[in-house]
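Comments concern the structure below.
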Protein chains: 2
Amino acid sequence: MQSYTEENYLKIIYHLSEISNPVLTNAIAERIQTKAASVTDMIKKLSDKELVNYVKYQGVTLTEKGKTTAINIVRKHRLWEVFLVDKLNFKWDEVHDVAEELEHIQSNLLVERLDEFLDFPRVDPHGDPIPDKNGNFAELAFIKLSKLKPTDKGTITGVSEHSSTFLKHLEKLGLTLGKRIEIIEVLEFDGSVELLVESQKTNISREVAKHILITKN
Amino acid sequence: MQSYTEENYLKIIYHLSEISNPVLTNAIAERIQTKAASVTDMIKKLSDKELVNYVKYQGVTLTEKGKTTAINIVRKHRLWEVFLVDKLNFKWDEVHDVAEELEHIQSNLLVERLDEFLDFPRVDPHGDPIPDKNGNFAELAFIKLSKLKPTDKGTITGVSEHSSTFLKHLEKLGLTLGKRIEIIEVLEFDGSVELLVESQKTNISREVAKHILITKN
DNA sequence: TTCATTATTTAGACAAATCTAAAAATTTAT
DNA sequence: ATAAATTTTTAGATTTGTCTAAATAATGAA
């Protein structure tokens, strides 16, 4: 059994390792709102418990055991978010902090019953996928952003062009992995797309739209 | 803001002071599964925060502030129990430990929305009363279900017949402790009652109705 | 490659909540 | 009323998670 704090570290390491692996001490410190020295201390502890692999100065990766634990926390977090939005009428931007607490409640029965009660949702209110009880994420079909129509909503789940100029361009527009988008208009004459990212209107060319992969939901 | 541990102490002191006031150190130690010395330490801390009145060797009583906090935790605990039983199909004897964790989630919005979602229950699955958001316990006057009229609403808070055949019958009809009911019709010729339980219409005989105790609200 | 900068770790300290063992107060029994 | 038993408190130690400041390693630039 892990403490509340250990669980939080595992979760953060899990999220950060989707961006870069291994995960560096400073990256964790920034995300968890703490000091690098504290992170080092905790990493040592997690390493002793064989939840992470740790090489001094090189960063950490999750072990299988650590990954399983982390995914379970993510599962709980996202299920609770669905509950809050679908059942208690929270807005999708009001749920995070409460889910952050609820994700640490220890009861497998609770999680499974909640999943059932919510009718086994595949994504949370932000469009992020919810792993099943075995830690598997459903295959979410990728669609090119250029195939979407006005009012379509989805989550950016990939790109089909990996040049750094392209990625930097997306970064600048705020079109990063995991962001929710909504199509406002597709302009006839050049196929450029007007869309909404985090309540911000943006316009991207058809060329760019073709290389952004979306999961509709 | 109180810590998880402080909240637990306040809750236990609240419960124990219904039996004897002031509450003695050893009584707390026993209930909270800890040592008397630890209790003394914590009581001093709670006293500094003006959540309890403490006289060495004499025991503690809750201040108004402490009592308000304690009642709010009891409120949350019991609402979560209703949620677990009514919505997630937990059995009434499976809910305590999970509710013990859920009661510490910090979010007024969550509690109020949950209360609403559960249709403002007045008692938990064990029949214990649930205080409202101002900390007031409803006056729980028992009325026989057979005395109610169409459109009357209430909560099942007891029975006046304890044979297992009767209880099993009620169980089958979904007429269990804590359930909200609404009277639809009382039939003239046999006095049988048509009522609504969780959006389900049910009909019970006058004999059965006489032995179900209701709290109107 | 050497110096400067940045990132990470170590060492030592602190607050919260707990514990054990000993001391002090209270209660009970004779 | 005094001794014995019980309860409660104090003193000092421990664990968890954190911190600051200093030391060390890695990285980047000239």
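Throughout, a chain's letter reflects where its sequence line sits, starting with A, and its residues are numbered from 1.
For the residue pair T215(B) / T157(B), a side-chain donor-acceptor distance below 3.5 Å is found, with atom types taken as modelled. Between N8(B) and H104(B), the side chains place a donor N or O and an acceptor N or O closer than 3.5 Å (distance only, hydrogens not considered).
Closest to the side chain of Y9(A), out of dT18(D), dT18(C), dT9(D), is dT18(D). For D41(B), the listed nucleotide lying nearest its side chain is dC19(C); candidates were dT26(C), dA7(C), dC19(C). Between dA7(C), dA25(C), dC19(D), one nucleotide has an atom nearer to the side chain of Y57(B) than all others, and that is dA25(C). The side chain of A37(A) lies closest to dA21(D), out of dA21(D), dT20(C), dT24(D). Checked against dT10(C), dA26(D), dT8(D), the side chain of K44(A) finds its nearest nucleotide in dT10(C). Closest to the side chain of T5(A), out of dT8(C), dT18(D), dT20(C), is dT18(D). Of the listed nucleotides (dT18(D), dT18(C), dT8(C)), dT18(D) has the atom at the smallest distance from the side chain of T34(A).
With rounding to whole Å, Q2(A) atom CD is found 15 Å from dT16(D) atom C1'. The distance from atom CG of D48(B) to atom C1' of dA16(C) is 14 Å, rounded to the nearest whole Å. Atom CG in N8(B) sits about 15 Å away from atom C1' in dA16(C), given to the nearest Å. What separates CD of Q58(A) from P of dA26(D) is a distance of 7 Å, to the nearest Å. One atom, NZ of K56(B), and another, P of dA23(C), lie 17 Å apart when rounded to the nearest Å. Regarding Y54(A), its OH atom lies at a distance of 10 Å from the C1' atom of dT10(C), rounded to whole Å. What separates CG of N26(A) from P of dT6(C) is a distance of 12 Å, to the nearest Å. Rounded to whole Å, the distance from CD1 on I43(B) to P on dT18(C) is 12 Å.
Among the atoms of the strands shown, only primed sugar atoms or phosphate atoms (P, OP1, OP2) are found under 4.0 Å from some heavy atom of T25(B). Y4(A) comes within contact range of no nucleotide atom at all, as no heavy-atom separation falls under 4.0 Å. Base engagement by S38(A) is indicated by at least one non-hydrogen atom pair under 4.0 Å involving a base atom.
A salt bridge does not link E171(B) to K168(B): none of the charged side-chain nitrogens sits closer than 4.0 Å to a carboxylate oxygen. Taking the charged nitrogens against the carboxylate oxygens, R75(A) and E112(A) do have a contact shorter than 4.0 Å, which makes a salt bridge. Salt-bridge formation is detected for the pair E103(B)/K11(B): a Lys NZ or Arg NE/NH1/NH2 atom is positioned less than 4.0 Å from an Asp or Glu carboxylate oxygen.
Under 4.0 angstrom from either OP1 or OP2 of dT20(C) there lies at least one side-chain N or O belonging to K35(B).
If E6(A) and A36(B) are placed on DNA chain D by their nearest nucleotide, the residue sitting closer to the 5' end is A36(B).
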